Engineer: 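What follows is a single structure, and I will ask about it in a moment.
Because the structure is a prediction, the values reported are computed rather than measured. Any value given below was found using the heavy atoms of this structure, including those in side chains, with hydrogens, waters and symmetry copies removed.
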Amino acid sequence: MKNFKTLALAATTIAAMATPALAADRGEDIRSGDYSWMQFNAMYSFDELPSAGESGHDYLEMEFGGRAGVVDLYGYVDVFNLATGDSGDKATGSGASKMFMKFNPRFSLDAITGKDLSFGPVQEIYFSTLFNWGGGVVGEDVNATFWGVGADVMVPWLGKTGMNLFAHYDMNGKDWNGYQFSANWFKPFKFFDNKSFIAFQGYVDYQFGADDQYGNEFVPMSSSGGAAYFGIHWHSDNYALGYGLKGYKDVYLLEDGAGIVGLDTTGWGHYLTATYKF
């Protein structure tokens, strides 16, 4: 959804809804726990960061995920400013990208080795990858990849929480630059007689150990920063409605208010979501 996500990543955490089985539970059939899902999210963001002024736009998010053999997959494609409006940070003439894609395949080491690697609260371990691609000019828009280790971890009250620790490789700059810790969760906590429910869902993406010399006098960079989304969403079998509060701190490693451009990269944004599930 934007430079690194990410985010309206609001629905990002829906990936945690499906519970992949442990390698030990699969027996000889590595595909016994396969599943897939897809949904479309009509979204609107208010005060989204980073921003150089007016910030807010509509977008359509095509979100997908599933498990097939050793691969646990999550991803989405965002299409911004559907009506080609003249206001907001994605307005006509703003120079903003029309699209953004996140692709997050994880490869289960439990399933690959045929061994149950779980211990304590850790249920399954992965070789984890993440790709963030913008829809703008090749070599200029977002083009980042992350490589590391992931795990499904049982957290008190939240339940199964996906966690990943990545090293970040900038595919435009052809260089490694820092690390990212990510976590996402999906916790139903209020159930209704019609089988619908309300869930607390969200994610955290935090970058650290980066080289702030990658910035310039126009847009200085920070060595650390990130974003966190906290959403309350109502779900039925086919639909969902939600509100999310997103906090930013030097998001995408852009130093808040610094440089000639003076981008706002620290603060709070709000997201509204209406979902149709396939």
Side-chain angles (χ1 to χ4, degrees), residues 1-9 12 43 45 47-63 75-105 129-147 166-180 182 205-227 246 248-267 269:
M1 309 184 124
K2 24 235 125 213
N3 190 351
F4 276 6
K5 165 168 224 28
T6 279
L7 303 278
L9 315 220
T12 293
M43 307 187 70
S45 68
D47 301 322
E48 184 177 66
L49 300 180
S51 172
E54 183 180 8
S55 178
H57 60 265
D58 65 285
Y59 60 105
L60 177 67
E61 184 170 82
M62 295 165 279
E63 192 177 19
Y76 61 78
V77 177
D78 288 342
V79 181
F80 304 113
N81 193 354
L82 302 176
T84 317
D86 295 326
S87 63
D89 56 320
K90 304 294 185 184
T92 301
S94 66
S97 296
K98 182 68 174 181
M99 301 179 69
F100 176 84
M101 179 175 182
K102 175 180 179 177
F103 190 63
N104 181 201
T129 64
L130 170 63
F131 301 86
N132 290 332
W133 296 309
V137 177
V138 175
E140 297 180 11
D141 205 349
V142 180
N143 192 16
T145 182
F146 302 78
W147 304 79
F166 301 107
H168 166 222
Y169 185 75
D170 184 334
M171 297 176 71
N172 288 335
K174 302 294 191 295
D175 197 9
W176 295 95
N177 187 27
Y179 307 90
Q180 177 169 308
S182 297
D205 286 327
Y206 180 72
Q207 292 180 264
F208 60 96
D211 186 350
D212 58 13
Q213 299 305 310
Y214 277 86
N216 53 47
E217 68 272 21
F218 292 93
V219 184
M221 304 293 285
S222 173
S223 62
S224 63
K246 188 174 180 180
Y248 307 85
K249 178 65 171 72
D250 289 342
V251 67
Y252 310 140
L253 301 179
L254 303 174
E255 188 176 344
D256 183 50
I260 296 173
V261 176
L263 287 174
D264 293 326
T265 63
T266 298

Engineer: Who are the side-chain contact (heavy atoms from CB on, under 4.5 Å) partners of D256, not counting sequence neighbours?
Structural biologist: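 Here the qualifying residues are D250, D264, T265, T266.
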
Engineer: Is there a side-chain contact between H57 and S45 (heavy atoms, below 4.5 Å)?
Structural biologist: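 Yes. Closest side-chain heavy atoms under 4.5 Å.
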
Engineer: Will you find, in the side chains of D47 and S55, an N or O donor that is under 3.5 Å from an N or O acceptor?
Structural biologist: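 Looking only at side-chain atoms, S55 and D47 do not form any donor-acceptor pair under 3.5 Å.
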
Engineer: Which heavy atom of L253 sits nearest to which heavy atom of G225, and what is that distance?
Structural biologist: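 In this case the closest contact between L253 and G225 is CD2-N, 3.8 Å.
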
Engineer: Calculate, to the nearest 0.5 Å, the distance between atoms CG and CZ belonging to N132 and F146 respectively.
Structural biologist: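 N132 atom CG to F146 atom CZ measures 5.5 Å (nearest 0.5 Å).
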
Engineer: Within the structure provided, determine whether M43 and L60 are in side-chain contact (heavy-atom separation under 4.5 Å).
Structural biologist: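 M43 does not reach L60 side chain to side chain.
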
Engineer: Residues two or more places apart in sequence or in another chain: which of them pass side-chain contact (heavy atoms from CB on, under 4.5 Å) with V261?
Structural biologist: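 Scan of V261 (side-chain contact (heavy atoms from CB on, under 4.5 Å), adjacent residues dropped) gives F218, V219, L263.
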
Engineer: Please identify each residue that fulfils side-chain contact (heavy atoms from CB on, under 4.5 Å) with S223, with sequence neighbours left out.
Structural biologist: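 Partners of S223 under the side-chain contact (heavy atoms from CB on, under 4.5 Å) test: none.
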
Engineer: Can you list the residues that meet the side chain to side chain donor-acceptor pair (under 3.5 Å) rule with D58, with sequence neighbours excluded?
Structural biologist: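 Partners of D58 by the side chain to side chain donor-acceptor pair (under 3.5 Å) criterion come out as none, since no residue qualifies.
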
Engineer: Suppose we screen for ring pair (Phe, Tyr, Trp, His ring centres under 6.0 Å). Which residues come up paired with Y169, at least two apart in sequence or across chains?
Structural biologist: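 Result, ring pair (Phe, Tyr, Trp, His ring centres under 6.0 Å) vs Y169: W176.
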
Engineer: If you take all heavy atoms of S97 and F80, which pair is closest and at what distance?
Structural biologist: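 For S97 versus F80, the nearest heavy atoms are O-CD1, 3.4 Å.
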
Engineer: Can you find a pair of side-chain heavy atoms, one from Y76 and one from F103, that are under 4.5 Å apart?
Structural biologist: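 SC-SC contact between Y76 and F103 ruled out.
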
Engineer: To the nearest 0.5 Å, tell me how far K102 NZ sits from E63 CD.
Structural biologist: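 That separation rounds to 9.5 Å.
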
Engineer: Once rounded to the nearest 0.5 Å, what's the spacing between atom OH of Y252 and atom CE of M221?
Structural biologist: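 Going from the OH atom of Y252 to the CE atom of M221 covers 12.0 Å.
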
Engineer: If you define the side chain from C-beta out and look only at heavy atoms, does anything of W133 sit under 4.5 Å from V142?
Structural biologist: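 No, every pair of side-chain atoms sits at 4.5 Å or beyond.
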
Engineer: Looking only at non-hydrogen atoms, find the nearest pair between A144 and H168 and report the distance.
Structural biologist: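 Heavy atoms of A144 and H168 come nearest at CB-NE2, 3.7 Å.
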
Engineer: Mind checking whether Y248 and E48 have side chains closer than 4.5 Å, heavy atoms only?
Structural biologist: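 Counting from C-beta outward, Y248 and E48 do come under 4.5 Å.
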
Engineer: With a 4.5 Å cut-off on side-chain heavy atoms, are D205 and Q180 touching?
Structural biologist: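 Sidechains of D205 and Q180: in contact.
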
Engineer: With sequence neighbours left out, write down each residue that passes side chain to side chain donor-acceptor pair (under 3.5 Å) with N172, or none if nothing qualifies.
Structural biologist: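 Side chain to side chain donor-acceptor pair (under 3.5 Å) check on N172 returns N143.
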
Engineer: Could you pull out the closest heavy-atom pair between Y179 and A167, with the gap in Å?
Structural biologist: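 So the minimum-distance heavy-atom pair works out to CD2-CA, 3.9 Å.
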
Engineer: Mind checking side chain to side chain donor-acceptor pair (under 3.5 Å) for T145 and listing every partner two or more places apart, or none if nothing turns up?
Structural biologist: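 Expected list: W147.
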
Engineer: Could you list the donor-acceptor pairs under 3.5 angstrom formed between side-chain atoms of residues 208-215 and any protein atom two or more places apart in sequence or on another chain?
Structural biologist:
from: D211; atom 1: OD1; to: Q213; atom 2: N; distance (Å): 2.9
from: Y214; atom 1: OH; to: D175; atom 2: OD2; distance (Å): 2.3

Engineer: Drop me the distance from D78's CG to M99's CE, to the nearest 0.5 angstrom.
Structural biologist: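 Answer for the CG-CE pair, D78 versus M99, is 8.5 Å.
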
Engineer: Measure across K174 and M171 and return the closest heavy-atom pair with its distance rounded to 0.1 Å.
Structural biologist: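 Shortest heavy-atom separation between K174 and M171 comes out as NZ-O, 2.9 Å.
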
Engineer: Could you pull out all residues at least two apart from T129 that satisfy side chain to side chain donor-acceptor pair (under 3.5 Å)?
Structural biologist: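 So T129 forms no side chain to side chain donor-acceptor pair (under 3.5 Å) with any residue.
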
